[in-house]
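Just below is one structure, and these are the notes that go with it.
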Amino acid sequence: MATVKIKVINSSGQALPAYATPASAGMDLRAAIENDITISPGARVVVPTGLRVAIPEGYEIQLRPRSGLALRDGITLLNTPGTIDADYRGEIGVILINLSDRPFTIRNADRICQMVLAKVPQIEWESVDELPTTERGDGGFGHTGTK
């Protein structure tokens with residue numbers, strides 16, 4: 001499998017994120033906090049990770065929810081996927097929201113989301129007068145029905 005070297009500053013006091021299995025697409029990110037954070041139902045918070053990275057141009061890091069937290073506890077990312085751009089050098093923060101009906105507490109080193117490295121080619125626009133036709137055409141939201 002191909003790898004990409006990412007420079008990292010880790011002030012979390014924890015091990016760097018790692019793949020759980022050889023075929024894992026993402027690595028779990030952990031909270032790097034001094035005090036517990038309780039998220040009330042419907043509330044959102046930014047949780048620090050203690051990680052700063054230098055992503056090569058042409059790539060991004062995507063932050064995605066952890067399925068167990070979403071299913072069990074109603075905790076997800078508000079901006080899914082969150083994008084860390086190649087030129088960002090600040091600490092990675094994770095915007096979590098509590099969609100459940102009960103408070104949820106995050107403790108230091110809790111796994112809060114997954115991160116995935118992705119290639120991102122940039123768009124080069126070409127202005128035209130017409131677009132190629134397709135079977136779908138301009139059918140939008142719900143145009144294929146519900147069954």
Side-chain angles (χ1 to χ4, degrees), residues 1-125 131 134-147:
M1 179 167 297
T3 61
V4 175
K5 192 167 288 214
I6 304 286
K7 291 178 171 55
V8 61
I9 296 174
N10 181 5
S11 63
S12 72
Q14 304 163 24
L16 287 172
Y19 295 102
T21 67
S24 292
M27 301 181 201
D28 288 333
L29 285 185
R30 296 179 181 270
I33 54 178
E34 292 183 20
N35 301 305
D36 293 351
I37 298 173
T38 298
I39 311 173
S40 300
R44 58 192 179 272
V45 297
V46 176
V47 180
T49 63
L51 299 175
R52 295 173 46 207
V53 296
I55 305 164
E57 285 189 27
Y59 290 87
E60 68 167 332
I61 286 179
Q62 297 177 358
L63 303 180
R64 301 176 181 181
R66 294 192 68 238
S67 57
L69 281 179
L71 178 63
R72 253 188 344 268
D73 302 300
I75 304 299
T76 191
L77 276 68
L78 192 57
N79 61 327
T80 300
T83 293
I84 310 300
D85 292 309
D87 57 354
Y88 177 68
R89 294 297 184 266
E91 180 178 3
I92 295 174
V94 179
I95 305 170
L96 295 179
I97 186 166
N98 183 350
L99 298 178
S100 77
D101 58 359
R102 62 188 186 284
F104 181 81
T105 300
I106 299 165
R107 294 174 175 75
N108 188 51
D110 280 354
R111 295 178 295 162
I112 55 172
C113 75
Q114 290 194 6
M115 62 181 274
V116 173
L117 181 68
K119 284 188 175 187
V120 285
Q122 291 190 331
I123 293 172
E124 180 182 333
W125 295 110
L131 298 176
T134 66
E135 183 178 330
R136 178 176 178 169
D138 61 2
F141 299 106
H143 84 281
T144 60
T146 59
K147 301 198 186 260

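The structure displayed is predicted, hence computed values, not measured ones.
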Check: Taking 4.0 angstrom as the limit, do Arg30 and Asp110 come out as a salt bridge?
Finding: no
Check: Can you find a heavy atom in the side chain of Ile106 that is under 4.5 Å from one in the side chain of Val47?
Finding: yes
Notebook entry, point to check: So, for Asp28 and Arg66, which heavy atoms are closest and what is the spacing to 0.1 Å?
Noted result: OD1-NE, 3.2 Å
Check: With side chains defined as the heavy atoms from C-beta onward, is the minimum distance between Thr105 and Arg107 less than 4.5 Å?
Finding: yes
Notebook entry, point to check: Do side-chain atoms of Ser100 reach the backbone of Arg102 as a donor and acceptor pair under 3.5 angstrom?
Noted result: yes
Note to self: Show the nearest heavy-atom pair for residues Asn98 and Ser40, with the distance to one decimal.
What the structure shows: CB-O, 3.4 Å
Next item on the list: Go through the steps to decide whether Phe104 and Leu96 satisfy the test side-chain contact (heavy atoms from CB on, under 4.5 Å), and finish with yes or no.
Entry: CA-CA 11 Å; Phe104 181 81; Leu96 295 179; over 6 Å; no
Checklist line | Heavy-atom side-chain proximity of Leu78 to Thr80 below 4.5 angstrom | finding: no
Next item on the list: List the steps, then state whether side-chain contact (heavy atoms from CB on, under 4.5 Å) holds for Ile97 with Leu99.
Entry: CA-CA 6 Å; Ile97 186 166; Leu99 298 178; 4.0 Å; yes
Item checked: Spacing of Arg52 atom CZ and Ser12 atom OG [to the nearest 0.5 Å] -> 13.0 Å
Note to self: Could you work out, with side chain to side chain contact (heavy atoms under 4.5 Å, CB included) as the rule, every residue matching Ser24, not counting sequence neighbours?
What the structure shows: Tyr19, Ala20, Thr21
Margin query: Measuring only between side-chain heavy atoms, which start at C-beta, is Pro17 closer than 4.5 Å to Leu29?
Written below: yes
Note to self: Please give me the minimum heavy-atom distance between Glu57 and Ala86, naming the atom from each residue.
What the structure shows: CA-CB, 4.0 Å
Margin query: With a 3.5 Å distance limit and no angle check, can you tell me whether Asp73 reaches the backbone of Ile75 through a side-chain donor-acceptor pair?
Written below: no
Notebook entry, point to check: What heavy-atom pair brings Leu77 and Cys113 nearest, and what distance separates the two atoms?
Noted result: CD1-CB, 3.7 Å
Checklist line | Val94 and Thr49: CA distance, side-chain angles, deciding distance, side-chain contact (heavy atoms from CB on, under 4.5 Å) verdict | finding: CA-CA 8 Å; Val94 179; Thr49 63; 3.9 Å; yes
Check: Looking only at atom types and distance, does a side-chain atom of Thr76 sit under 3.5 Å from a main-chain N or O of Ala70, one as donor and one as acceptor?
Finding: no
Check: Do Pro103 and Ile39 come within less than 4.5 Å of each other through their side chains, counting heavy atoms only?
Finding: no
Next item on the list: For Glu60 and Gln62, test the side chains for any donor-to-acceptor distance below 3.5 angstrom and give the result as yes or no.
Entry: yes
Next item on the list: Can you establish whether the number of heavy atoms outside Arg89 located under 6.0 Å from its atom CZ is more than 12?
Entry: yes
Item checked: Side chains of Val116 and Ile61 in contact at under 4.5 Å (non-hydrogen atoms) -> no
Next item on the list: Taking all non-hydrogen atoms of both residues into account, name the closest pair between Pro56 and Val4 and its distance.
Entry: CG-CG1, 3.7 Å
Check: Does a side-chain heavy-atom distance below 4.5 Å link Ile9 with Leu51?
Finding: no
Item checked: Heavy-atom check, side chain of Leu63 versus side chain of Ile92, under 4.5 Å -> yes
Check: What's the spacing between Asn108 CG and Ile33 CD1 if we round to 0.5 Å?
Finding: 6.0 Å
